[in-house]
Amino acid sequence: MPLTFELCPGRMVGGDHPCFIIAEIGQNHQGDIEIAKKMIRMAKECGADCAKLQKSELACRFNKEALLRPYTSEHSWGATYGDHKQHLEFSHEQYQELQKYAKEIGIFFTASGMDEMAVEFLHELNVPFFKVASADSNNLPYLEKTAKKGRPMVISSGMQSMDTMRRVYKTVKAHNSRFCFLQCTSAYPLKPEEVNLRVILEFQKEFPDIPIGYSGHETGIFITVAAVAMGAKVVERHVTLDKCWKGSDHKASLEPKELAELVKAIRTVEAAMGSPVKNMLPCEMSCHSKLGKSVVAKGPIPKGSTLTLDMLTVKVAEPKGIPPEEIFSLVDKKVKRDIEEDATLMKEALENYGK
């Protein structure tokens with residue numbers, strides 16, 4: 001399988017392609033479809049590639065006891081956990097409305113399928129790719145069924161070990177070659193010392209035939225930018241319109257100004273990665289013309305002299321002549337004419353220069 005694949009129609013990921021930036025709305029829309037639309041537009045205006053939500057079929061995701069558990073958190077939207085989750089869950093029709101809205105404004109739209117029934121719905125909705133949340137990245141039956149759908153997959157790795165991710169790789173690869181892993185630590189907000197960006201490098205070595213990315217829950221943008229510099233080809237960050245809103249994810253989310261800064265910073269870093277070939281660039285010629293140094297004579301050197309190192313020094317000189325890195329190769333060369341003190345050594349003045 002190639003290291004690159006088409007994640008969304010016309011949008012490749014991996015290799016030298018630009019990092020794919022996912023604005024994770026999740027359930028930060030507060031259960032309000034108009035807020036969700038504002039967030040999708042915000043993601044578009046800030047330059048993200050994709051707006052993403054989380055879709056659950058609650059009876060498939062939770063057992064009855066979990067749904068009936070009292071939920072007294074300050075972030076609660078209902079008396080029980082089921083009531084809370086139901087408040088934040090959009091209907092199938094609302095998802096269709098949001099998908100249509102995203103298409104109208106020109107941004108890719110998808111969701112994490114938080115259970116197998118949700119994946120079935122998202123498949124029918126024709127999302128461009130499936131996002132697998134960390135909580136399902138060790139759910140091998142779920143992964144196998146999702147992989148068999150044939151859509152590209154982005155798989156977060158929070159709460160998992162490398163051994164588990166090897167099993168995830170084998171499970172998905174048996175049915176689907178278009179997927180990537182995201183390094184992720186499932187804590188909200190995430191402390192810098194618990195990010196472990198070096199896992200990106202380990203993933204790159206362990207799984208060299210898939211793109212590797214990063215899903216961040218830290219505050220600020222610096223760590224995510226560093227992930228891109230380390231080779232992350234897909235990044236995902238939670239977004240919000242207001243970090244003070246009710247909900248446990250808001251504090252680990254980026255507000256519009258931060259998201260825009262993140263996108264700009266990622267694109268700047270990508271441009272700065274440039275070429276691995278080291279040469280003097282055209283943009284450096286002006287500086288070299290003004291400050292580049294040459295080999296000059298420490299004192300007068302008569303015609304016929306054999307050069308020694310103590311006859312030579314390095315200065316900014318006019319005209320420019322032999323560059324400093326060649327000074328040692330001049331030893332034992334004979335000069336064909338008199339050279340004045342402080343004069344530039346020119347190759348024309350030496351016998352067998354370059355031999």
Side-chain angles (χ1 to χ4, degrees), residues 22-43 51-99 101 109-122 125 131-139 142 156 158-160 184-191 194 215-220 236-259:
I22 301 171
E24 163 67 309
I25 295 169
Q27 294 189 319
N28 280 352
H29 49 66
Q30 314 298 80
D32 186 322
I33 193 169
E34 294 306 317
I35 291 176
K37 288 180 180 179
K38 288 180 182 178
M39 296 183 77
I40 292 170
R41 178 169 288 278
M42 178 267 284
K52 188 183 79 67
L53 276 68
Q54 297 173 4
K55 182 71 183 94
S56 298
E57 301 294 343
L58 297 181
C60 185
R61 184 181 177 191
F62 302 98
N63 72 4
K64 292 179 181 178
E65 290 299 317
L67 291 173
L68 292 174
R69 173 169 54 88
Y71 194 52
T72 57
S73 166
E74 63 180 320
H75 301 301
S76 174
W77 293 95
T80 66
Y81 197 62
D83 293 337
H84 165 76
K85 297 302 290 184
Q86 188 60 55
H87 173 83
L88 294 171
E89 198 63 47
F90 289 141
S91 68
H92 291 190
E93 292 74 21
Q94 287 174 313
Y95 262 87
Q96 291 166 352
E97 183 178 346
L98 291 172
Q99 182 188 54
Y101 180 76
F109 174 82
T110 192
S112 297
M114 309 301 283
D115 53 77
E116 292 180 13
M117 284 184 63
V119 170
E120 290 293 339
F121 164 67
L122 293 172
L125 194 64
K131 170 66 199 301
V132 177
S134 291
D136 278 307
S137 55
N138 64 343
N139 185 347
Y142 164 100
S156 281
M159 303 178 284
Q160 311 306 330
C184 176
T185 302
S186 298
Y188 307 81
L190 177 61
K191 296 177 182 178
E194 295 171 334
S215 177
H217 303 128
E218 74 277 3
T219 57
E236 175 187 68
R237 288 297 305 270
H238 285 255
V239 297
T240 182
L241 296 180
D242 190 335
K243 292 183 183 183
C244 295
W245 278 356
K246 184 166 75 172
S248 56
D249 286 350
H250 290 288
K251 285 184 171 59
S253 301
L254 301 177
E255 291 181 341
K257 182 179 179 181
E258 293 174 300
L259 179 60

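Values in this document were obtained by computation on a predicted structure and should not be read as measured data. Values below: all heavy atoms of this structure, side chains included; hydrogens, waters and symmetry mates excluded.
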Asks: Distance check, rounded to the nearest 0.5 Å: Leu88 atom CG versus His29 atom NE2?
Replies: 6.5 Å

Asks: Within the 4.5 Å heavy-atom criterion, are Trp77 and Gln86 side-chain neighbours or not?
Replies: no

Asks: Who pairs with Tyr71 by ring-ring contact (aromatic ring centres under 6.0 Å, His included), at least two apart in sequence or on another chain?
Replies: Tyr81, His84

Asks: Could you tell me the separation between the NZ atom of Lys64 and the CG atom of Leu68, rounded to the nearest 0.5 Å?
Replies: 9.0 Å

Asks: List the steps, then state whether salt bridge (charged side-chain N to carboxylate O under 4.0 Å, His left out) holds for Lys243 with Glu255.
Replies: CA-CA 7 Å; Lys243 292 183 183 183; Glu255 291 181 341; 5.6 Å; no

Asks: When rounded to the nearest 0.5 angstrom, what is the spacing between OH in Tyr142 and SG in Cys60?
Replies: 10.0 Å

Asks: Identify which one of Gln54, Lys85, His87 satisfies the side chain to side chain donor-acceptor pair (under 3.5 Å) criterion when paired with Gln27.
Replies: Lys85

Asks: State, with a plain yes or no, whether a side-chain heavy atom of Leu241 is found less than 4.5 Å away from one of Ile35.
Replies: yes

Asks: Please check: side-chain N/O of Thr240 versus main-chain N/O of His250, any donor-acceptor pairing under 3.5 Å?
Replies: no

Asks: Please give me the minimum heavy-atom distance between Ile25 and Ala51, naming the atom from each residue.
Replies: CD1-CB, 4.1 Å

Asks: Suppose we screen for side chain to side chain donor-acceptor pair (under 3.5 Å). Which residues come up paired with Asp32, at least two apart in sequence or across chains?
Replies: none

Asks: Are side-chain heavy atoms of Thr80 and Leu67 found at a separation under 4.5 Å?
Replies: no

Asks: What's the separation between atom CE in Met114 and atom CG in Asn139, rounded to the nearest 0.5 Å?
Replies: 11.0 Å

Asks: Take Glu89 and Lys55 through the test salt bridge (charged side-chain N to carboxylate O under 4.0 Å, His left out) and record every step on the way to the result.
Replies: CA-CA 7 Å; Glu89 198 63 47; Lys55 182 71 183 94; 3.2 Å; yes

Asks: Leu98 vs Ile33, test: side chain to side chain contact (heavy atoms under 4.5 Å, CB included). Steps then yes/no.
Replies: CA-CA 8 Å; Leu98 291 172; Ile33 193 169; 3.7 Å; yes

Asks: Less than 4.5 Å apart, any side-chain heavy atom of Leu254 and any of His238?
Replies: no

Asks: Can you tell me if Gln99 uses its side chain to pair, donor with acceptor, with the backbone of Gln96 under 3.5 Å?
Replies: no

Asks: Would a 4.5 Å heavy-atom cut-off, applied to side chains only, mark Cys244 and Lys251 as touching?
Replies: no

Asks: Using every non-hydrogen atom in the two residues, find where Ser137 and Gly158 come nearest and quote the distance to one decimal.
Replies: OG-O, 4.1 Å

Asks: Can you tell me if Lys246 has over 12 outside heavy atoms packed within less than 6.0 Å of its NZ?
Replies: yes

Asks: Yes or no on salt bridge (charged side-chain N to carboxylate O under 4.0 Å, His left out) for Glu218 and Arg237, after CA distance, side-chain angles and deciding distance?
Replies: CA-CA 9 Å; Glu218 74 277 3; Arg237 288 297 305 270; 3.0 Å; yes

Asks: Quick one: are Ser56 and Asp115 in side-chain contact, heavy atoms under 4.5 Å?
Replies: yes

Asks: If the plane angle is over 60° it's perpendicular, under 30° parallel, otherwise tilted; pick one for Phe90 and Tyr95.
Replies: perpendicular

Asks: How far apart are the closest heavy atoms of Asp136 and Gly113, and which atoms are they?
Replies: OD2-O, 4.2 Å

Asks: Counting only heavy atoms not in Glu194 (residues, nucleotides, ligands), do more than 12 fall under 6.0 Å from its CD?
Replies: yes

Asks: Salt bridge or not between Lys37 and Glu97? Use side-chain N to carboxylate O under 4.0 Å.
Replies: yes

Asks: Write down the atom of Ala252, the atom of Pro189, and the distance for their closest heavy-atom approach.
Replies: CB-CA, 3.8 Å

Asks: Got a donor-acceptor contact below 3.5 angstrom from the Ser253 side chain to the Asp249 backbone?
Replies: yes

Asks: When you compare the side chain of Glu236 with that of Lys52, does any pair of heavy atoms fall below 4.5 Å?
Replies: yes

Asks: Measure the CG-OG distance between Leu190 and Ser215 for me, rounded to the nearest 0.5 Å.
Replies: 10.0 Å

Asks: Begin with the C-alpha distance, continue with both residues' side-chain angles, and end with the deciding distance and a verdict on salt bridge (charged side-chain N to carboxylate O under 4.0 Å, His left out) for Glu24 and Lys131.
Replies: CA-CA 11 Å; Glu24 163 67 309; Lys131 170 66 199 301; 5.5 Å; no

Asks: Testing the basics here: between Leu259 and Met42, what is the closest heavy-atom pair and its distance to 0.1 Å?
Replies: CD2-SD, 3.6 Å

Asks: Less than 4.5 Å apart, side chain to side chain, heavy atoms only: is that true for Phe109 and Leu53?
Replies: yes

Asks: Closest approach of Cys184 and His217, non-hydrogen atoms and distance?
Replies: SG-CE1, 3.4 Å

